[in-house]
K.L.:
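Quick one: structure below, then a few questions.
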Amino acid sequence: MKHGVFITLEGGEGAGKSTNVPWIADYLRSQGKTVLVTREPGGTEVAEAIREVLLSPELPGMNADTELLLMFAARNEHLHTKILPALVRGEWVICDRFTDATYAYQGYGRGIALSRIAVLEQWVQGDVRPDYVILFDIDVTTGMTRAQARGRADRFEQEHAAFFERIRHGYLQRAGELPARYPVIQAAQARVNVREQLQQVLERIIAETNT
Ligand SMILES: Nc1ncnc2c1ncn2[C@@H]1O[C@H](COP(=O)(O)OP(=O)(O)OP(=O)(O)O)[C@@H](O)[C@H]1O
Ligand SMILES: [Mg+2]
């Protein structure tokens, strides 16, 4: 039985998800919530080890299905040993990327059929889905410029602009299907404006969940 609130942060490279995670957690704590911050791929010892394989620029030739299966292997470990126990305790879980990223990257980006991803989603998650997916939408050029300024590119960041255009389209497609569950942040704006948008979104979520 889940009593907490499960929020994931999504969007392309350099959109500002990781930058804003501590601020989101602080804001929720200031509102009296108990918050667990985590990320994917990773979040537990085993899943972080899988993350190393997934992101390593030294393993450029990975088969797309292998990548997909590793993502869900890491997710299975993370969900069942960390996320679900926290939700059962009634906590708010903030996860930097989750299954929407798999649909966007391995589905829209790599071209794996979305129906195959859905099979693994059901296997690993059963009926568990994020309560809210906060989508950081940013144009590909701005996002890539920000990500490049950060330093050495991981295996995904080495992809080309067309790959990231497909990912952006995929995210927006998913958000458009369920707009109430997918608040969209205009992430190319200045940090202060992004935070204003986030605060509005979080106020709405708190009002709707009323926990
Ligand atoms: N609103 C902003 N304006 C300008 N730069 C920003 C803004 N938000 C974040 N940045 C900078 O952009 C870079 C990328 O941000 P961040 O690492 O948070 O992105 P991300 O969405 O987590 O990306 P990834 O998906 O690659 O992990 C960082 O160097 C960060 O300091
Ligand atoms: Mg990040």
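Indexing begins at 1, ligand by ligand and atom by atom, following the structure's order. None of the values given here were measured: they were computed from a predicted structure. The first residue in the sequence is number 1, and the count goes up from there.
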K.L.:
Does R110 count as lying over the ring of Y105, i.e. NZ or CZ under 6.0 Å from the six-ring centre, within 45 degrees of the axis?
P.N.:
no

K.L.:
Rounded at 0.5 Å granularity, tell me how far NZ in K17 sits from CD1 in I185.
P.N.:
12.5 Å

K.L.:
Go through it in stages, so that I can follow the logic: the residues are E10 and Y182, the test is side-chain hydrogen bond (donor to acceptor under 3.5 Å, both in side chains), and I'd like the CA-CA distance, side-chain angles, deciding distance and then a yes or no.
P.N.:
CA-CA 10 Å; E10 294 285 0; Y182 285 73; over 6 Å; no

K.L.:
Among protein heavy atoms, which sits nearest to atom 9 (C) of ligand 1, and what does the distance come to when rounded to 0.1 Å?
P.N.:
T19 OG1, 3.5 Å

K.L.:
Within a distance under 4.0 Å of any heavy atom of E157, pick out the atoms of ligand 1 and give their elements.
P.N.:
26 (O)

K.L.:
Please write down residue, atom name and distance for the protein heavy atom closest to atom 14 (C) of ligand 1.
P.N.:
G14 CA, 3.7 Å

K.L.:
Return the residue, atom name and 0.1 Å-rounded distance of the protein heavy atom closest to atom 11 (C) of ligand 1.
P.N.:
R191 NH2, 3.6 Å

K.L.:
Apply the test side chain to side chain contact (heavy atoms under 4.5 Å, CB included) to residues M62 and L70: give CA-CA distance (whole Å), side-chain angles for both, the deciding distance (0.1 Å), then the verdict.
P.N.:
CA-CA 11 Å; M62 192 184 298; L70 285 174; 4.0 Å; yes

K.L.:
More than 12 heavy atoms of other residues, nucleotides or ligands under 6.0 Å from CZ of R116: is that the case?
P.N.:
no

K.L.:
Return all protein N, O or S atoms below 2.8 Å from the Mg ion (ligand 2), chain by chain in residue order.
P.N.:
S18 OG

K.L.:
Would you check the N or O atoms of G16, main chain and side chain alike, for any that come under 3.5 Å of an N or O of ligand 1?
P.N.:
yes

K.L.:
More than 12 heavy atoms of other residues, nucleotides or ligands under 6.0 Å from CD of Q199: yes or no?
P.N.:
yes

K.L.:
What protein heavy atom lies closest to atom 1 (N) of ligand 1? Include the residue and the distance to one decimal.
P.N.:
Q189 O, 2.9 Å

K.L.:
Taking 4.0 Å as the limit for heavy-atom contacts, which would you say applies to A190 with ligand 1: side chain only, backbone only, both, or neither?
P.N.:
backbone

K.L.:
Could you list the atoms of ligand 1 found under 4.0 angstrom from a heavy atom of A15?
P.N.:
19 (O), 20 (P), 21 (O)

K.L.:
What protein heavy atom sits nearest atom 21 (O) of ligand 1, and how far away is it?
P.N.:
K17 NZ, 2.7 Å

K.L.:
Among protein heavy atoms, which sits nearest to atom 17 (O) of ligand 1, and what does the distance come to when rounded to 0.1 Å?
P.N.:
R150 NH1, 2.8 Å

K.L.:
For ligand 1, which atoms, with element, lie under 4.0 Å from some heavy atom of R97?
P.N.:
25 (O)

K.L.:
Which atom names give the shortest non-hydrogen contact between L36 and A86, and what distance separates them?
P.N.:
CD2-CB, 3.7 Å

K.L.:
Quick one: does S18 get an N or O within less than 3.5 Å of an N or O on ligand 1?
P.N.:
yes

K.L.:
Is there a nitrogen or oxygen of E13 sitting under 3.5 Å from a nitrogen or oxygen of ligand 1?
P.N.:
yes

K.L.:
Using salt bridge (Lys or Arg N to Asp or Glu O under 4.0 Å) as the criterion, point out the one residue from R155, R97, R146, R168 that pairs with E13.
P.N.:
R97

K.L.:
Under the side-chain hydrogen bond (donor to acceptor under 3.5 Å, both in side chains) criterion, do Q197 and Q186 qualify, and how do the steps go?
P.N.:
CA-CA 8 Å; Q197 295 176 63; Q186 303 304 321; 5.3 Å; no

K.L.:
Between atom CD1 of I24 and atom CG of L9, what is the distance when rounded to the nearest 0.5 Å?
P.N.:
4.5 Å

K.L.:
I need the I134 CD1 to L198 CG distance, nearest 0.5 Å.
P.N.:
6.0 Å

K.L.:
Give the atoms of ligand 1, by number and element, whose distance to some non-hydrogen atom of G12 is under 4.0 Å.
P.N.:
21 (O), 25 (O)

K.L.:
How far is atom 12 (O) of ligand 1 from the closest protein heavy atom, and which atom is that?
P.N.:
R146 CD, 3.2 Å

K.L.:
Tell me whether the guanidinium CZ or amine NZ of R174 lies under 6.0 angstrom from the six-membered ring centre of Y103 and within 45° of its axis.
P.N.:
yes

K.L.:
Does the pair T102 and R75 meet the rule for a side-chain hydrogen bond (donor to acceptor under 3.5 Å, both in side chains), with working shown?
P.N.:
CA-CA 10 Å; T102 310; R75 181 161 302 134; 2.9 Å; yes

